[in-house]
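Before any comments, here is the structure.
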Number of protein chains: 2
Amino acid sequence: MPRSDQSQTAILGALSIMPMTGYALREEIRDTLGHFWSESFGQIYPALAELERNRLVERRQVEGSRSSTFSLTDAGIAHLRGLLAEAPQPSKPRNGLMLRLFFGAQLGPEACKQLVLDAREQAESTLTHMEAARSEVLHDPDLVQAAPYILLTITAGEHSARATIAWANEALAQLSDLETPRR
Amino acid sequence: MPRSDQSQTAILGALSIMPMTGYALREEIRDTLGHFWSESFGQIYPALAELERNRLVERRQVEGSRSSTFSLTDAGIAHLRGLLAEAPQPSKPRNGLMLRLFFGAQLGPEACKQLVLDAREQAESTLTHMEAARSEVLHDPDLVQAAPYILLTITAGEHSARATIAWANEALAQLSDLETPRR
DNA sequence: CCACACATGTAATATGTTACATGATTTA
DNA sequence: TAAATCATGTAACATATTACATGTGTGG
C-alpha cells in the first residue's frame, strides 16, 4: 500500500465535505486543518491519482478548462469510513521548543525566556484564529452536518492554546528566578 | 548539510548531560525525551558517525569491549549552543485524533466518543508519568545543572495533559447530546 | 547453555518537501 | 497587457522507519 493511509484519509475527508480541485484541497487543508494536519503538493497529486485509479474519487473536467474537480464515489465514502475507524497512528513527536528548553542550561535563561515568549505569542494568535474559525463554521451552510464535530477540534485547539499560555507564564517566572540567583 | 540539525541537537544535547553509547542514547531519548521527541536507530548511528567525522564528538573505546562511549568535544559543545540558539523549526502537525473528529460526521458519535475516551486515558497516563519524571529529575545527582530547565518541560507536559482531560470531558458531553437528538 | 539485553551498523523501504516546468485564468 | 493567482504535475532531494545481520556479555 503506497501513499500513507493518513494522507488518503485527509483527502477523502475533505472531499466528503465538498468536491474540489487538487489545488483547493491543499488550500483547504492548510487553512482549515492547518492547526493539526498538513499535506504538501508533492503528496496530494500522486495520492489523488492513486485514489482515482482505485475508483475512490472521480475527476470531473470543468467545461472548456484544464482544471478538474474531484469528488467521492460511493466506494470512496465507504473507504473513508473504514480509514476513519482505524486507530489513529500516534505521530512521533518533535517539539523543537521543548528540546531547546530541556537543554536550556547550555542556552542560558535569557534565550530560554525569549523562546517561551515566542511560544506564548503564538498560542495567543492561535486563540484568535480559533475564535474566527468557530464563527466561520457556525455560519457556513456547507458545514451544517459537520459543524458539531469540527467544533470539537476547535475547542481542543483553544484548550491547548490556553494551556500553553498558562504554562508560559509559570515558566517565565521560573526563568526569572534563575536569572537573578538569590544573593 | 546532511542529517537534520534537529537530530544532531538531540544527540549533542543528550551527550552534554552525560557521555554514553549509541544504544544508551536511543534509550535515553525514548524514555526521557519521549513525550516530545523521537529518534530511531537508523538516524542515531549515522548521525554519530558524522558528528565524529566533524570532531564534534569523541568515541572512547571501553577496555576489552566492542562498545564505545561517545562524549562531546569542546567544538561539540560550541556547536550544540549554536544549534540550540537557532529558531525551532515548526514541525508539521499530524494529529490523527483531530483528523478523525473533524470528519466525525462520517464516523458517528459512538466511535468518536471512544476516540475521546482513549485520548483522555492516555492523557491521564501521561500525567502519572510526568509526576514520576519530576521526582526522578529532582533526585538524580547528574541532573542538578539541568534540572530547572527539564522541569519546565515536565510542567509543560502536565499543563498539556490536563488541558486534554478537560477538553475530553467537554467533548464527551457534546457527543452525548448528538447521540440522543432532542425529541 | 539458552535466552535476553546490550551494542553497532547497513539496506531496503517509506514518507515527505522543495524546486521546477508548464500553462490557463483573473484582476488591476 | 502585466502580474498575480489558479492549476497540474514531476523530479530531485531530504528525512525517517524497519528489518536485518552480526556479535558480546550476563543471568537463570
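Convention: sequence-line order gives letters A, B, ...; per-chain numbering from 1. Given the structure is predicted, the values throughout are model-derived calculations rather than measurements. Below, each value reflects all heavy atoms present in this structure, side chains not excepted, and no hydrogens, waters or symmetry copies.
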(message) In this structure, how many angstroms lie between the C1' atom of D:dT15 and the CD atom of B:E50, rounded?
(response) 13 Å

(message) Distance check needed: C:dA14 C1' versus A:Q6 CD, whole Å only.
(response) 14 Å

(request) Mark yes or no for whether B:T73, through its side chain, and B:L56, through its backbone, hold a donor-acceptor pair below 3.5 Å. (result) yes

(message) What is the distance, to the nearest angstrom, from the CZ atom on B:R94 to the P atom on C:dT15?
(response) 10 Å

(message) Nearest to the side chain of B:K92, heavy atoms from C-beta on, is which of D:dG9, C:dT17, C:dC6?
(response) C:dT17

(message) Looking at B:S67, I'd like to know whether one of its side-chain N or O atoms comes within less than 4.0 Å of OP1 or OP2 on C:dT8.
(response) no

(request) Ignoring hydrogens and angles, tell me if any N or O in the side chain of A:R94 forms a donor-acceptor pair with the backbone of B:K92 under 3.5 Å. (result) no

(message) How many whole angstroms separate atom CG of A:D31 from atom C1' of D:dT5?
(response) 14 Å

(message) Just N and O in the side chain of B:Y45: are any of them under 4.0 Å from OP1 or OP2 of C:dT8?
(response) yes

(request) Classify the nucleic acid contact of A:R26 as base, sugar-phosphate or nothing, counting any heavy atom under 4.0 Å across all strands shown. (result) nothing

(message) Counting C-beta onward and ignoring hydrogens, is there a side-chain heavy-atom pair between A:H35 and A:H129 closer than 4.5 Å?
(response) yes

(request) Let me know the distance between OH of B:Y23 and P of D:dT26, rounded to the nearest Å. (result) 14 Å

(message) Taking only side-chain N and O atoms of B:Q43, does any of them lie within less than 4.0 angstrom of OP1 or OP2 on D:dT17?
(response) yes

(message) I want to check one thing: is the phosphate of C:dG9, taken as OP1 and OP2, less than 4.0 Å away from some side-chain N or O of B:R59?
(response) yes

(request) Report the distance from atom CG of A:L48 to atom P of D:dT10, rounded to the nearest whole Å. (result) 12 Å

(message) In this structure, how many angstroms lie between the C1' atom of D:dA16 and the CD1 atom of B:I29, rounded?
(response) 14 Å

(message) By nearest heavy atom, map B:E27 and A:F41 onto DNA chain C; which one lands nearer the 5' end?
(response) B:E27

(request) Would you please confirm or rule out a distance under 4.0 Å between OP1 or OP2 of C:dC6 and any side-chain N or O of B:T21? (result) no

(message) Check whether B:R30 reaches the backbone of B:R26 with its side chain - one donor and one acceptor, N or O, closer than 3.5 Å.
(response) no

(request) State plainly whether the residues A:R134 and A:E131 are in salt-bridge range, i.e. N to O under 4.0 Å. (result) no

(request) Write down the distance between CD1 (A:I11) and P (C:dG16), rounded to a whole number of angstrom. (result) 11 Å

(message) Considering every strand and a 4.0 Å limit on heavy-atom distances, what is the contact class for A:S40: base, sugar-phosphate, or nothing?
(response) base

